[in-house]
Amino acid sequence: MATITQTELSELRLLSRGKVRDIYDHAGNLLIVTTDRISAFDVVLPTPIPDKGRVLTQLSAFWFGITESVVENHLITTDVGDMGLPADVDLDELEGRSMLVKKAQPLPVECVARGYIIGSGWVDYQATGEVCGIKLPSGLRQADRLEETIFTPATKAQTGHDENIDFDRAAGILGRDVSERVRDLTLELYAIGHDHARSRGIILADTKYEFGIVDGRIVLIDEVMTPDSSRFWDIETYQVGTSPPSYDKQFVRDYLIDLGWNKEPPPPDLPDYVVSNTSRKYLDALERLTSSE
(Lines give C-alpha, C1' and ligand atoms only; values in the text may rest on other atoms or scores of the structure.)
Protein backbone atom coordinates (compact mmCIF):
# COMPACT_ATOMS: atom_id res chain seq x y z
CA MET A 1 0.00 0.00 0.00
CA ALA A 2 1.13 3.55 -0.71
CA THR A 3 2.32 5.88 2.01
CA ILE A 4 -0.34 8.48 2.78
CA THR A 5 0.70 11.90 4.06
CA GLN A 6 -2.57 13.75 3.47
CA THR A 7 -6.05 12.92 2.25
CA GLU A 8 -8.24 15.09 0.04
CA LEU A 9 -11.79 13.71 0.15
CA SER A 10 -13.60 16.49 -1.68
CA GLU A 11 -16.91 14.63 -1.34
CA LEU A 12 -16.77 15.02 2.46
CA ARG A 13 -16.38 18.05 4.71
CA LEU A 14 -12.96 18.21 6.36
CA LEU A 15 -13.37 19.13 10.02
CA SER A 16 -9.74 19.10 11.10
CA ARG A 17 -6.29 18.04 10.06
CA GLY A 18 -4.21 17.15 13.10
CA LYS A 19 -0.61 16.08 13.43
CA VAL A 20 -1.51 12.59 12.26
CA ARG A 21 -5.26 12.34 11.57
CA ASP A 22 -7.57 13.85 8.98
CA ILE A 23 -11.14 14.03 10.32
CA TYR A 24 -14.22 14.34 8.10
CA ASP A 25 -17.92 14.75 8.76
CA HIS A 26 -19.87 11.82 7.33
CA ALA A 27 -23.58 11.13 7.73
CA GLY A 28 -23.77 12.40 11.29
CA ASN A 29 -20.63 10.53 12.31
CA LEU A 30 -16.90 11.13 11.95
CA LEU A 31 -14.53 9.52 9.49
CA ILE A 32 -11.05 9.44 11.03
CA VAL A 33 -8.26 8.72 8.56
CA THR A 34 -4.89 8.06 10.18
CA THR A 35 -2.10 9.11 7.85
CA ASP A 36 1.58 8.16 7.94
CA ARG A 37 2.58 11.61 9.17
CA ILE A 38 4.83 11.70 12.21
CA SER A 39 5.49 14.54 14.62
CA ALA A 40 8.30 15.15 17.06
CA PHE A 41 8.52 17.89 19.66
CA ASP A 42 5.08 19.07 18.48
CA VAL A 43 6.25 19.64 14.90
CA VAL A 44 5.03 17.53 11.96
CA LEU A 45 8.03 16.17 10.09
CA PRO A 46 8.24 16.21 6.28
CA THR A 47 9.06 12.49 6.01
CA PRO A 48 6.22 9.95 6.51
CA ILE A 49 6.64 6.55 8.16
CA PRO A 50 5.31 3.69 6.00
CA ASP A 51 2.47 1.67 7.58
CA LYS A 52 2.26 3.95 10.63
CA GLY A 53 -1.37 4.92 10.01
CA ARG A 54 -2.41 1.32 9.54
CA VAL A 55 -0.67 0.28 12.75
CA LEU A 56 -2.33 3.00 14.83
CA THR A 57 -5.78 2.25 13.42
CA GLN A 58 -5.59 -1.53 13.70
CA LEU A 59 -4.08 -1.50 17.16
CA SER A 60 -6.72 0.93 18.43
CA ALA A 61 -9.47 -1.27 16.97
CA PHE A 62 -7.91 -4.28 18.70
CA TRP A 63 -7.93 -2.56 22.09
CA PHE A 64 -11.45 -1.20 21.58
CA GLY A 65 -12.57 -4.80 21.17
CA ILE A 66 -10.73 -6.06 24.23
CA THR A 67 -11.98 -3.28 26.50
CA GLU A 68 -15.58 -2.82 25.34
CA SER A 69 -16.87 -4.83 28.31
CA VAL A 70 -15.27 -2.24 30.61
CA VAL A 71 -16.29 0.96 28.85
CA GLU A 72 -18.26 1.83 25.73
CA ASN A 73 -16.23 3.28 22.86
CA HIS A 74 -17.02 5.40 19.82
CA LEU A 75 -15.98 2.92 17.11
CA ILE A 76 -18.64 1.96 14.56
CA THR A 77 -16.53 0.13 11.98
CA THR A 78 -13.08 -0.06 10.39
CA ASP A 79 -14.45 -1.73 7.24
CA VAL A 80 -14.44 0.97 4.57
CA GLY A 81 -16.96 -1.06 2.56
CA ASP A 82 -19.50 -0.66 5.38
CA MET A 83 -19.06 3.09 5.84
CA GLY A 84 -21.46 4.22 3.11
CA LEU A 85 -18.84 6.48 1.56
CA PRO A 86 -19.54 8.36 -1.70
CA ALA A 87 -18.86 6.35 -4.85
CA ASP A 88 -16.00 8.62 -5.92
CA VAL A 89 -13.98 7.98 -2.73
CA ASP A 90 -10.90 5.81 -3.29
CA LEU A 91 -11.49 3.00 -0.79
CA ASP A 92 -8.06 1.52 -1.41
CA GLU A 93 -6.47 4.71 -0.07
CA LEU A 94 -8.53 4.48 3.12
CA GLU A 95 -8.34 0.72 3.66
CA GLY A 96 -6.74 -0.30 6.96
CA ARG A 97 -6.24 3.25 8.21
CA SER A 98 -9.81 4.53 8.69
CA MET A 99 -12.41 4.41 11.44
CA LEU A 100 -16.03 5.49 11.29
CA VAL A 101 -16.90 6.66 14.80
CA LYS A 102 -19.73 8.28 16.71
CA LYS A 103 -19.45 11.98 17.32
CA ALA A 104 -18.46 12.69 20.91
CA GLN A 105 -17.81 15.78 22.98
CA PRO A 106 -14.20 15.23 24.05
CA LEU A 107 -13.36 15.81 27.70
CA PRO A 108 -10.76 18.60 27.97
CA VAL A 109 -8.39 16.50 30.10
CA GLU A 110 -6.09 13.70 28.98
CA CYS A 111 -6.11 10.67 31.27
CA VAL A 112 -2.64 9.27 31.81
CA ALA A 113 -1.76 6.05 33.62
CA ARG A 114 1.81 5.52 34.77
CA GLY A 115 2.99 2.14 35.98
CA TYR A 116 6.68 3.02 35.79
CA ILE A 117 8.64 6.18 36.59
CA ILE A 118 9.92 7.55 33.29
CA GLY A 119 9.65 10.56 30.98
CA SER A 120 8.18 13.76 32.39
CA GLY A 121 7.16 11.83 35.50
CA TRP A 122 10.80 10.98 36.17
CA VAL A 123 11.78 14.63 35.66
CA ASP A 124 9.10 15.81 38.12
CA TYR A 125 10.00 13.10 40.64
CA GLN A 126 13.66 14.08 40.61
CA ALA A 127 12.71 17.71 41.26
CA THR A 128 9.95 17.28 43.85
CA GLY A 129 9.55 13.62 44.80
CA GLU A 130 6.04 13.86 43.36
CA VAL A 131 4.19 13.35 40.10
CA CYS A 132 1.03 15.41 39.59
CA GLY A 133 0.76 16.00 43.34
CA ILE A 134 1.19 12.30 44.19
CA LYS A 135 4.00 11.70 46.68
CA LEU A 136 6.15 8.74 45.67
CA PRO A 137 8.62 6.71 47.76
CA SER A 138 12.16 8.05 47.92
CA GLY A 139 14.99 6.23 46.22
CA LEU A 140 13.19 5.29 43.01
CA ARG A 141 15.40 4.78 39.98
CA GLN A 142 14.57 5.67 36.40
CA ALA A 143 12.19 3.10 34.86
CA ASP A 144 11.37 1.55 38.25
CA ARG A 145 7.96 -0.08 38.43
CA LEU A 146 5.66 1.76 40.83
CA GLU A 147 4.04 -0.11 43.70
CA GLU A 148 0.67 1.11 42.39
CA THR A 149 -0.25 2.56 39.02
CA ILE A 150 -0.92 6.29 39.33
CA PHE A 151 -3.42 8.50 37.50
CA THR A 152 -1.74 11.66 36.25
CA PRO A 153 -4.10 13.86 34.22
CA ALA A 154 -2.96 16.56 31.82
CA THR A 155 -4.56 19.52 30.15
CA LYS A 156 -4.80 19.48 26.38
CA ALA A 157 -2.73 22.23 24.82
CA GLN A 158 -3.85 23.65 21.47
CA THR A 159 -0.23 24.60 20.85
CA GLY A 160 2.92 23.54 22.66
CA HIS A 161 3.07 20.82 25.26
CA ASP A 162 0.30 19.43 27.44
CA GLU A 163 0.56 20.33 31.13
CA ASN A 164 0.55 17.74 33.89
CA ILE A 165 -1.99 18.61 36.59
CA ASP A 166 -3.12 17.10 39.88
CA PHE A 167 -6.43 15.36 40.49
CA ASP A 168 -8.04 18.33 42.24
CA ARG A 169 -7.36 20.57 39.26
CA ALA A 170 -8.81 17.93 36.92
CA ALA A 171 -11.88 17.77 39.15
CA GLY A 172 -12.18 21.54 38.88
CA ILE A 173 -12.30 21.20 35.09
CA LEU A 174 -14.44 18.08 34.73
CA GLY A 175 -16.35 17.93 38.00
CA ARG A 176 -15.46 15.48 40.74
CA ASP A 177 -17.84 12.70 39.73
CA VAL A 178 -16.61 12.64 36.14
CA SER A 179 -12.98 12.89 37.27
CA GLU A 180 -13.37 9.94 39.61
CA ARG A 181 -15.06 7.90 36.89
CA VAL A 182 -12.38 8.51 34.25
CA ARG A 183 -9.64 7.96 36.84
CA ASP A 184 -11.08 4.55 37.71
CA LEU A 185 -11.53 3.67 34.05
CA THR A 186 -7.99 4.77 33.24
CA LEU A 187 -6.50 2.53 35.92
CA GLU A 188 -8.66 -0.42 34.89
CA LEU A 189 -7.83 -0.03 31.21
CA TYR A 190 -4.14 0.23 31.99
CA ALA A 191 -4.26 -2.97 34.04
CA ILE A 192 -5.86 -4.81 31.10
CA GLY A 193 -3.34 -3.42 28.65
CA HIS A 194 -0.35 -4.01 30.90
CA ASP A 195 -1.25 -7.64 31.59
CA HIS A 196 -1.95 -8.41 27.93
CA ALA A 197 1.22 -6.70 26.71
CA ARG A 198 3.33 -8.48 29.33
CA SER A 199 1.99 -11.83 28.11
CA ARG A 200 3.46 -10.89 24.71
CA GLY A 201 6.86 -9.91 26.09
CA ILE A 202 6.15 -6.17 26.12
CA ILE A 203 5.93 -3.74 29.04
CA LEU A 204 3.30 -1.00 28.86
CA ALA A 205 5.11 1.63 30.91
CA ASP A 206 2.55 4.39 30.58
CA THR A 207 -0.25 5.47 28.29
CA LYS A 208 -2.87 8.15 27.81
CA TYR A 209 -6.58 7.75 27.16
CA GLU A 210 -9.12 10.14 25.74
CA PHE A 211 -12.75 10.10 26.84
CA GLY A 212 -15.78 11.87 25.46
CA ILE A 213 -19.50 12.20 26.02
CA VAL A 214 -22.03 10.52 23.72
CA ASP A 215 -25.71 10.89 24.65
CA GLY A 216 -24.71 11.73 28.22
CA ARG A 217 -22.46 8.66 28.58
CA ILE A 218 -18.69 8.56 29.05
CA VAL A 219 -17.07 6.67 26.17
CA LEU A 220 -13.51 5.84 25.17
CA ILE A 221 -12.44 7.74 22.04
CA ASP A 222 -9.50 8.55 19.77
CA GLU A 223 -6.62 6.03 19.81
CA VAL A 224 -6.00 3.40 22.48
CA MET A 225 -2.67 2.01 23.69
CA THR A 226 -0.76 2.64 20.47
CA PRO A 227 2.94 3.48 20.07
CA ASP A 228 1.90 7.13 19.62
CA SER A 229 -0.04 7.32 22.89
CA SER A 230 1.98 4.86 24.98
CA ARG A 231 5.45 3.86 26.00
CA PHE A 232 6.13 0.20 25.17
CA TRP A 233 9.33 -1.58 26.20
CA ASP A 234 10.66 -4.99 25.28
CA ILE A 235 10.95 -7.12 28.43
CA GLU A 236 14.23 -8.55 27.12
CA THR A 237 15.91 -5.12 26.98
CA TYR A 238 14.19 -3.51 29.99
CA GLN A 239 16.67 -2.38 32.61
CA VAL A 240 16.06 -0.21 35.66
CA GLY A 241 18.28 2.86 35.88
CA THR A 242 18.10 3.54 32.15
CA SER A 243 15.59 4.85 29.66
CA PRO A 244 14.74 1.59 27.89
CA PRO A 245 14.35 1.58 24.08
CA SER A 246 10.71 1.78 23.13
CA TYR A 247 8.33 0.77 20.35
CA ASP A 248 7.50 4.30 19.31
CA LYS A 249 8.98 7.40 17.72
CA GLN A 250 11.74 7.73 20.31
CA PHE A 251 14.11 6.51 17.60
CA VAL A 252 13.11 9.60 15.60
CA ARG A 253 13.45 11.93 18.59
CA ASP A 254 16.91 10.57 19.38
CA TYR A 255 18.03 11.14 15.80
CA LEU A 256 16.76 14.74 15.85
CA ILE A 257 18.44 15.42 19.19
CA ASP A 258 21.74 14.02 17.93
CA LEU A 259 21.34 16.14 14.80
CA GLY A 260 21.12 19.27 16.94
CA TRP A 261 17.78 20.44 15.52
CA ASN A 262 16.40 23.35 17.55
CA LYS A 263 12.87 21.86 17.62
CA GLU A 264 11.48 24.78 15.63
CA PRO A 265 10.07 24.72 12.07
CA PRO A 266 11.20 23.90 9.50
CA PRO A 267 12.05 20.37 10.59
CA PRO A 268 14.69 18.30 8.77
CA ASP A 269 14.02 15.32 6.52
CA LEU A 270 14.55 11.88 8.01
CA PRO A 271 17.14 9.56 6.45
CA ASP A 272 16.06 6.19 5.09
CA TYR A 273 17.50 4.16 7.96
CA VAL A 274 15.54 6.16 10.55
CA VAL A 275 12.35 5.77 8.51
CA SER A 276 12.74 2.02 8.00
CA ASN A 277 13.73 1.31 11.61
CA THR A 278 10.82 3.36 12.94
CA SER A 279 8.35 1.65 10.62
CA ARG A 280 9.66 -1.72 11.73
CA LYS A 281 9.16 -0.81 15.40
CA TYR A 282 5.52 0.13 14.80
CA LEU A 283 4.84 -3.05 12.82
CA ASP A 284 6.56 -5.21 15.43
CA ALA A 285 4.39 -3.72 18.18
CA LEU A 286 1.23 -4.44 16.16
CA GLU A 287 2.23 -8.00 15.36
CA ARG A 288 3.30 -8.93 18.88
CA LEU A 289 0.32 -7.35 20.62
CA THR A 290 -2.39 -8.61 18.28
CA SER A 291 -1.12 -12.06 17.29
CA SER A 292 -3.25 -15.00 18.37
CA GLU A 293 -0.34 -16.85 19.99
Considering residues at least two apart in sequence or located in another chain, which fulfil the side-chain contact (heavy atoms from CB on, under 4.5 Å) criterion with E93?
I4, T7, L9, D90
Has E236 got more than 12 heavy atoms of other residues, nucleotides or ligands less than 6.0 Å from its CD?
no
All N/O donor-acceptor pairs, side-chain side in residues 99-112, below 3.5 Å, sequence neighbours left out:
| unit_1 | atom_1 | unit_2 | atom_2 | d |
| --- | --- | --- | --- | --- |
| K102 | NZ | E72 | OE2 | 3.3 |
| K103 | NZ | D25 | OD2 | 2.5 |
| E110 | OE2 | K208 | NZ | 3.3 |

Identify every side-chain donor-acceptor pair in residues 136-153 under 3.5 Å, counting partners at least two apart or on other chains, and give the distances.
| unit_1 | atom_1 | unit_2 | atom_2 | d |
| --- | --- | --- | --- | --- |
| D144 | OD2 | R141 | N | 2.7 |
| T152 | OG1 | R114 | NE | 2.9 |

Flag yes if L91 and L30 sit in one hydrophobic cluster, no otherwise; membership is Ile, Leu, Val, Met, Phe, Trp, Tyr, and two members link when side-chain heavy atoms are under 4.5 Å apart.
no
Shortest non-hydrogen pair, Y190 vs A205, comes out as OH-O, 3.4 Å
Qualifying salt bridge (Lys or Arg N to Asp or Glu O under 4.0 Å) pairs, either residue in residues 280-291, two or more places apart
D234-R288
Under 4.5 Å between any side-chain heavy atoms of L204 and T207, yes or no?
yes
Can you see which heavy atom on S229 is nearest to which on V224, and at what distance?
OG-C, 4.3 Å
Hey, are the side chains of V44 and V20 touching, using non-hydrogen atoms and a 4.5 Å cut-off?
no
Decide yes or no for Q6 and R37: does some side-chain heavy atom of the first lie under 4.5 Å from some side-chain heavy atom of the second?
yes
Within-4.5 Å side-chain heavy-atom neighbours: L85 and L12
yes
Quiz item: cation-pi between R183 and F167, 6.0 Å / 45°
yes
Salt bridge (Lys or Arg N to Asp or Glu O under 4.0 Å) pairs touching residues 240-266, sequence neighbours excluded, are none
If you measure from the Lys or Arg side-chain nitrogens to the Asp or Glu carboxylate oxygens, is any gap between R54 and D36 under 4.0 Å?
no
With sequence neighbours left out, which residue pairs that include part of residues 171-181 fulfil the salt bridge (Lys or Arg N to Asp or Glu O under 4.0 Å) condition?
D168-R176
Contacts of type side-chain contact (heavy atoms from CB on, under 4.5 Å), residue E130, not counting sequence neighbours
T128, K135
In the hydrophobic clustering that connects Ile, Leu, Val, Met, Phe, Trp and Tyr at side-chain heavy-atom distances below 4.5 Å, which members other than I221 occupy its cluster, ordered by chain and number?
V214, V219
I want to check something: taking the side chain as every heavy atom from C-beta on, are T5 and T35 in contact at a cut-off of under 4.5 Å?
no
pair M83-T77: side-chain heavy atoms closer than 4.5 Å:
yes
Do we see a donor-acceptor contact under 3.5 Å between the side chains of T34 and T57?
yes
Please report the closest heavy-atom contact between S179 and A171, naming both atoms and the distance.
OG-CA, 3.1 Å
So which heavy atom on D166 is nearest to which on C132, and how close?
CB-O, 3.3 Å
Heavy-atom side-chain proximity of P268 to L259 below 4.5 angstrom:
yes
Show me the pairs that pass ring-ring contact (aromatic ring centres under 6.0 Å, His included) and involve residues 239-273, at least two apart or across chains.
none
Residues L14 and I23: closest non-hydrogen pair is CD1-O, 3.5 Å
Kindly check if the number of other-residue, nucleotide or ligand heavy atoms within 6.0 Å of CG (D195) is above 12?
yes
For residues I118 and W233, determine if any side-chain heavy atom of one lies less than 4.5 Å from a side-chain heavy atom of the other.
yes
Could you walk me through whether Y209 and L185 satisfy the side-chain contact (heavy atoms from CB on, under 4.5 Å) test, starting with their C-alpha distance in whole Å, then the side-chain angles of each, then the deciding distance to 0.1 Å, before giving a yes or no?
CA-CA 9 Å; Y209 302 102; L185 286 172; over 6 Å; no
Pairs involving residues 47-79, ordered by first then second residue, that meet ring-ring contact (aromatic ring centres under 6.0 Å, His included) (sequence neighbours left out)
F62-H196, W63-H196, F64-H74
Looking only at heavy atoms, the pair that brings P46 and D269 closest together is CG-OD1, 3.1 Å
To the nearest 0.5 Å, atom CD1 of I32 lies from atom CG of D22 at 11.0 Å
Mind checking salt bridge (Lys or Arg N to Asp or Glu O under 4.0 Å) for R21 and listing every partner two or more places apart, or none if nothing turns up?
E223
Would you please name every residue forming a salt bridge (Lys or Arg N to Asp or Glu O under 4.0 Å) with D228, sequence neighbours left out?
K52
